[in-house]
Each structure stands twice: as structure tokens, then as C-alpha cells.
Amino acid sequence: VILLLNRILMGATKVNVKWTNGKATFKDVELSFEEPPSVFKAQLFALTSVPPERQKILMKGKIVGDGDAWTDQQRSIIKNNVTLMLMGSADEIIEPPPEKITFVEDMKENEIAAAYDIPAGLVNLGNTCYMNASIQCLRTIPELNDALKTYNRPRGSFGGGGGEVDMVSQLQQLFQQGMSNEVNDTLRVTSLYVFLSAVHRWRPQYSEKVEGGAFRQQDANEFYLELVNELRQGLLLPDDSTNDIISRYMGIQVKSNLKCLESDDEPQKEETEREIQLSCFVTQNTTHIYSGIKERLTETLTKRSEVLGRDAQFQKSSLLSRLPAYLCVTLVRFQYKQNKGVNAKILKDVKFGFELDLVDMCTPELQKKMEPIRTELKEEDDRKALAVKNRKKQGLEAMKIDPNKKQKYKPFSFEDDVGSSNSGKYSLEAVLTHKGRDSSSGHYIAWVRKADDYWFKCDDDNISAVTNEEILKLSGGGDWHMAYLLFYKTRSPEIPDEPTAMDVDA
């Protein structure tokens, strides 16, 4: 793959492609004469969904790129900024047929992966694991997937042709083609390469290389935040142009009070801050992410006091006034060491669980608003715990999990705040880990939940099934992979299945 990437970069010519069927023009599409025309057609497939066998590429009325290699004549006339014509219609997505129910306990490991729709792996193009892991975690948010499906690329643009890079459309194409199990490996790699090229144009620092020519390792959280902020600007809501998908489903509001500790005459200040992730600072006393998050809600700051006319100590006390449907928590494990010039990692063991309850960190108003749904969730949890206890008493095995069942849930948001959490309770959905001693080296991996006790370890393009036990080992304390970003989804009460005729007769 690396050789493929290097060869493409060496002989790249940027052309414009006018797609007649789709009535769109893509600018600055890279074409390499060092590779067969099939690679260029694979890029066009990633952009248009037109299968290579259906593509007809024309220049000045003549078909080009239909052979196994570019001809000398084609090499001489296809220059930078020329326009090629693409003819061909896109494929329709064919829904797979329904499968017979098979219980998880009766499956082999590879059958579990198939039943749970194993994620498509992302090839490492040379220290790009930070990007791959971040994207795998983002892909777990259904509302983001839906928003990308309906996103319309600005007319006449492709990846920054003549202007800024449209990273929203780039991620859209990567989700639709590069992370689809319906296409072959070559097309997936090409689609990922197109995305990486866009990343390098969008933020040139990610194209920096180390001695030997490989791309420099990057900080996954920095990339994640930059990409999410770009999505925030691009994925505006059709029903509210002042809001966006990211702020709606991932936005946190923090209400703070600032009080001077050295003068009662200094007026207290109230403010509301907006965030897209919570931070858990890792100190000597931090043993669990809950305490790490809560500790940062009260801090002492040095600020200028207008009353005293000098710098003074202020106490900042914060509470959460809005919680989102999808919550990201970062464990601040990296500290810059001046003597070594690196962001060294704190290896301390910081526990986290599959459930997270933040109600005690919320404002009194939000706590009161959450009470009805929290009561329902407690009753639901009590019923499940009692059912498990009764089965054990009767000597019965635990209930089997049907991987094909789609559980229905009540709304997870307040009626007056779509995308919020109406319970303050969360379940863990994904973990991004880092293995190594500093942020500019080592390796990043994504761990994605698919069912109660079944996860997928997304180690670039190597995907394997793991269990809850292995996820809990990611808390740190050694040189093994340890949690860096935790992704939670808010809980909401289940909607009971409608009784069947058999249940009614019984």
C-alpha cells in the first residue's frame, strides 16, 4: 500500500472531471501515469459511485484510459487542469436478504463478526493510525452518518479545487465508499488515499514527514477535534441554520460562577461555555474518570481583580447545564516535557466503566428535569436484575442474545432540546486507545461496541472480535493500549415488545 501511495504521489497530474450523468464537476482529481488507468477509475468510483466497468472517460471526443496502461499520446495531451468527460451511471445500493436468526452463543468468532456487521478496516498509509481510529469512533454516531448521506457538496468543488478543502464531502465519500464492505480492497484503499490527500491540503501539518519519508505520527485527539469542528461548520441543520449536527448531538453546556477569593467586593460573574468534549485530567489522585471529570469542575485561577487593582485568586465553580446524546471524554494523559521536547504520557491506571452517570455534576434545574426518565431507567434496571437473580435461583442459563433483534427505545432527548440527554446516564460505545510513551509515536486503535458483551478491535485494517473483559484492561498502568478518548451514548428506557398470540394465550 505504501509503495502504491508513493508511486501515485510521484507522477500525479491534477485534472478536472466533468460527470455528465451526475451533472457535477470535480476539480483537482489526481491522475498518475505511473499507475494503470484502473487506479484513476477507482478514484472516480469513490467520488461518483460509478463502477469502473461502466465508466467512459473522454477527452476531445476520444475515449481515453480504457487499456492496461496510458498511451504515449494520452500522456502528451493530458496535462494539469485539463478537463476530462466522464460518462456512466452510479450503482444503486442493494439491500441484503434477511438471514435466519442465530444466537451468539452458538456462533464461532468469525460468525459473530458477520452477524454484527463487522466494520470495514482502514489501511495504515504510513503512521495514519491516529486518523483511522478517530474515524472509526465517529462512525458509531448514527445521526452523523445520516447527515453525511444527505449532505450536498458545494456545486463545482472537489477537495479544495481553487479554494478551501470541503472536508465534509471528503468524509461523506469515505463513509460511503472507503468504509463499505461492498467494494473490493483496491477501491477502499484508493478512497482512503483520496481522503488523506484532502487532509494534507486541509491541514498541511498532517503531511509532515520524518527521516526516511514516512508521515509523522500525530495526536489523535487533536485531529479528532479539528475534524469535528470542521463538521460543525459544514453540517448545518436544514430546520435551523443557526445550529448544526455536532452542536445538537454532541454539544455540552457548562454554567460557571467566578468568585474572587481575596475580596468580597469583587462582583461575581456568571457565564455559559459550550464544549464538545469533557476532560478528565490525570493526576496522582485520579483513580476513576468520574472523579477526574468532577475535580475539574472546581478550580482556582489567577485573574486581574478590578477592585483590588492587581492579580488575585479566583474560584471557578462549574455545573453542566446541558448534556448531549453522544458524549466524548478525553483523558488528559500527555504532558509536555521541556527537556525532551515531547508530549510524554502519564501511564497511571484510571478506571472507567461501561456505564457513566453525570447527574451529580448537573445544575439543580437540569437534575429536576431528568427525574422522570431516570425513574423509568431505575425501574427497568431493577426488573432486569431481578430476572437474572430468579434465573440463577432456578439453575437456568442467562438469556441468549439475538444479534439481529433491533431493540426499540423511548426518545433520549427533551422535547424542547433535540439531541440532548434527558437522563444523564450513559453507556460506553467506543474507546480510542494509544500504546506508547508519547503522542508523537506509538500506535492508536479504536474499539467499537456492537452488542452487550461483543466489541470490535479496529487495528487499522485488522478487525477482530473482543469481549468486555478486554475493554476493561484498557485503563492504563503499563505499556499496553490505554484509553485516550471514551465515547458514550445516552441511555433511554426500552420499549417492551408487543405480546405475541402465544403470550396472550398463556
Would you call [X] and [Y] a salt bridge, taking side-chain N to carboxylate O under 4.0 Å as the test?
X	Y	answer
Arg310	Glu262	yes
Arg296	Glu299	yes
Asp417	Lys369	no
Glu380	Arg491	yes
Arg383	Glu494	no
Glu470	Lys457	no

Heavy-atom distance under 4.5 Å between the side chains of [X] and [Y], does that happen here?
X	Y	answer
Thr490	Leu327	no
Arg322	Leu366	no
Asp461	Arg188	no
Leu171	Phe195	yes
Leu144	Tyr326	no
Met250	Glu143	no
Lys473	Glu469	yes
Ile471	Leu474	yes

Decide yes or no on side chain to side chain contact (heavy atoms under 4.5 Å, CB included) for Cys129 and Ile445, but give the supporting numbers first. CA-CA 7 Å; Cys129 56; Ile445 287 179; over 6 Å; no

Derivation of the side chain to side chain contact (heavy atoms under 4.5 Å, CB included) call for Cys328 and Leu485: CA-CA 7 Å; Cys328 176; Leu485 296 177; 4.2 Å; yes

Strictly distance-based, threshold 3.5 Å: is any side-chain N or O of [X] a donor or acceptor partner for the main-chain N or O of [Y]?
X	Y	answer
Gln136	Ala120	yes
Ser318	Ser256	no
Thr363	Ser321	no
Gln217	Gly442	yes
Arg216	Val210	no
Arg333	Ala483	yes
Gln218	Gln205	yes
Ser291	His288	yes
Asp460	Asn124	no
His481	Tyr444	no

What closest approach, in Å, do [X] and [Y] show between heavy atoms, and which atom pair accounts for it?
X	Y	result
Ala325	Phe412	CB-CE1, 3.4 Å
Pro324	Ser421	O-CB, 3.4 Å
Leu377	Ser492	CD2-C, 3.6 Å
Ala220	Ser134	O-OG, 3.5 Å
Arg248	Asn243	N-OD1, 4.0 Å
Tyr484	Asp219	OH-OD1, 2.9 Å

Taking everything shown except [X] itself, do over 12 heavy atoms lie less than 6.0 Å from its [atom1]?
X	atom1	value
Gln284	CD	no
Lys351	NZ	no
Asp264	CG	no
Gln394	CD	yes

Any donor-acceptor N or O pair under 3.5 Å, side chains [X], [Y]:
X	Y	value
Glu429	Thr140	no
Gln170	Trp202	no
Ser475	Asp349	yes

Any chance you could measure [X], atom [atom1], to [Y], atom [atom2], to the nearest 0.5 Å?
X	Y	atom1	atom2	result
Glu270	Lys255	CD	NZ	6.0 Å
Leu192	Met179	CG	CE	9.0 Å
Ser263	Gln313	OG	CD	13.5 Å
Lys408	Ile495	NZ	CD1	7.0 Å
Leu138	Leu231	CG	CG	7.0 Å
Leu358	Leu320	CG	CG	6.5 Å

Begin with the C-alpha distance, continue with both residues' side-chain angles, and end with the deciding distance and a verdict on side chain to side chain contact (heavy atoms under 4.5 Å, CB included) for Ser427 and Glu355. CA-CA 5 Å; Ser427 60; Glu355 304 288 333; 4.1 Å; yes

For this output row, return yes or no: ring centroids of Phe487 and Tyr224 closer than 6.0 angstrom.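 Here the rings of Tyr224 and Phe487 have centres that are less than 6.0 Å from each other.
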
Parallel, tilted or perpendicular: which describes the rings of Phe354 and Trp455, with under 30° parallel and over 60° perpendicular?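 Ring orientation, 0 to 90° scale: tilted.
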
May I ask you to decide if the ring planes of Trp480 and Trp447 are parallel, tilted or perpendicular, using 30° and 60° as cut-offs?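 Perpendicular.
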
Please determine which of Leu323, Leu278, Leu297, Val254 meets the side-chain contact (heavy atoms from CB on, under 4.5 Å) test together with Met361.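 Filter result, single survivor: Leu297.
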
Give the intermediate values and the outcome of side chain to side chain contact (heavy atoms under 4.5 Å, CB included) for residues Tyr151 and Asp166. CA-CA 11 Å; Tyr151 174 75; Asp166 181 9; 3.0 Å; yes

